[in-house]
Trainee: 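The structure that follows is given in the form of structure tokens.
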Amino acid sequence: MVLARKVFTSAAVAMFGTVLAFGSGAPVFAQDLSDNETCLECHADTERAPPSNPDRPQVHNPAGGFFVEDHEMWSCTDCHTYIVDLDHEEYAPGQEVDCTNCHEEAPTK
């Protein structure tokens with residue numbers, strides 16, 4: 001019985017040490033992508049080009065903020081739904097916002 005308790009205690013200590021050392025599968029410094037400040041850490045000085053489709057209105061003001069003020073209350077990832085993690089340089093370029101996630105039709109100029 002004493003041997004079983006020692007083995008169990010050793011296993012529990014080893015498991016606890018492993019979790020402390022490697023985490024529980026979640027990043028140690030997870031960042032909230034729904035917080036615009038997280039996005040602006042990298043994109044604050046990024047040029048905001050007009051949409052590739054010239055019939056779509058430009059929502060972002062190149063000087064900062066929005067041309068369409070109704071969008072100010074949303075987070076970046078509310079529109080840029082394809083951004084799922086901070087390391088998105090490989091899959092995000094060329095992606096377009098799908099306005100029909102909120103609008104019945106994609107807005108036009």
Side-chain angles (χ1 to χ4, degrees):
M1 189 67 155
V2 173
L3 180 61
R5 176 176 272 167
K6 285 184 179 183
V7 169
F8 178 75
T9 302
S10 297
V13 169
M15 177 80 74
F16 182 71
T18 302
V19 169
L20 281 178
F22 298 107
S24 58
V28 175
F29 299 108
Q31 292 186 301
D32 182 6
L33 291 178
S34 67
D35 179 5
N36 289 347
E37 291 302 316
T38 300
C39 299
L40 293 174
E41 286 177 14
C42 296
H43 296 285
D45 296 325
T46 302
E47 182 178 329
R48 288 162 180 80
S52 60
N53 181 342
D55 293 332
R56 289 184 54 191
Q58 184 170 355
V59 175
H60 296 104
N61 183 336
F66 297 91
F67 285 125
V68 183
E69 291 179 4
D70 292 344
H71 290 88
E72 289 181 354
M73 68 178 155
W74 304 110
S75 74
C76 299
T77 56
D78 284 335
C79 294
H80 298 272
T81 56
Y82 49 88
I83 303 296
V84 294
D85 57 42
L86 287 178
D87 188 24
H88 54 268
E89 298 87 20
E90 290 187 23
Y91 67 84
Q95 294 282 338
E96 293 279 336
V97 169
D98 182 2
C99 299
T100 60
N101 287 336
C102 296
H103 299 272
E104 287 186 30
E105 302 178 345
T108 58
K109 291 183 181 177

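Note that the structure is predicted; figures quoted are calculated from it, not measured.
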Trainee: For the atom pair CG (Asn101) and SG (Cys79), what is the distance rounded to the nearest 0.5 Å?
Mentor: 8.5 Å

Trainee: So which heavy atom on Thr81 is nearest to which on Asp78, and how close?
Mentor: CG2-O, 3.4 Å

Trainee: Of all heavy-atom pairs between Leu33 and Thr77, which one has the smallest distance, and what is that distance?
Mentor: O-OG1, 3.3 Å

Trainee: If you take all heavy atoms of Tyr91 and Tyr82, which pair is closest and at what distance?
Mentor: CE1-O, 3.0 Å

Trainee: Would you please indicate yes or no on a ring centroid separation below 6.0 angstrom for Phe67 and His60?
Mentor: no

Trainee: Can you confirm whether Phe66 sits close enough to Val59 that some side-chain heavy atom of one is under 4.5 Å from a side-chain heavy atom of the other?
Mentor: yes

Trainee: Do you know which two heavy atoms are closest between Cys99 and Pro107, and how far apart they sit?
Mentor: CB-CD, 3.4 Å

Trainee: Take a 6.0 Å sphere around CD of Glu104 and say whether it holds more than 12 heavy atoms from other residues, nucleotides or ligands.
Mentor: no

Trainee: Dump the intermediate steps for side-chain contact (heavy atoms from CB on, under 4.5 Å) on His80 and Val97, then the final yes or no.
Mentor: CA-CA 6 Å; His80 298 272; Val97 169; 3.5 Å; yes

Trainee: Would Thr100 and Glu105 count as having a side-chain donor-acceptor pair, cut-off 3.5 Å?
Mentor: no

Trainee: Distance from Glu37 atom CD to Asp32 atom CG, nearest 0.5 Å?
Mentor: 11.5 Å

Trainee: Which pair of heavy atoms, one from Arg56 and one from Pro51, lies closest together, and at what distance?
Mentor: O-CG, 3.9 Å

Trainee: Show the nearest heavy-atom pair for residues Asn61 and Arg48, with the distance to one decimal.
Mentor: O-CD, 4.0 Å

Trainee: In Å and rounded to the nearest 0.5 Å, what is the NE2 to SG distance from His71 to Cys76?
Mentor: 12.0 Å

Trainee: For His88 together with His43, are the ring centres under 6.0 Å from each other?
Mentor: yes

Trainee: I'd like to know whether CG of Asp45 has more than 12 heavy-atom contacts from other residues, nucleotides or ligands below 6.0 angstrom.
Mentor: no

Trainee: In Å and rounded to the nearest 0.5 Å, what is the SG to CG distance from Cys39 to Leu86?
Mentor: 8.0 Å

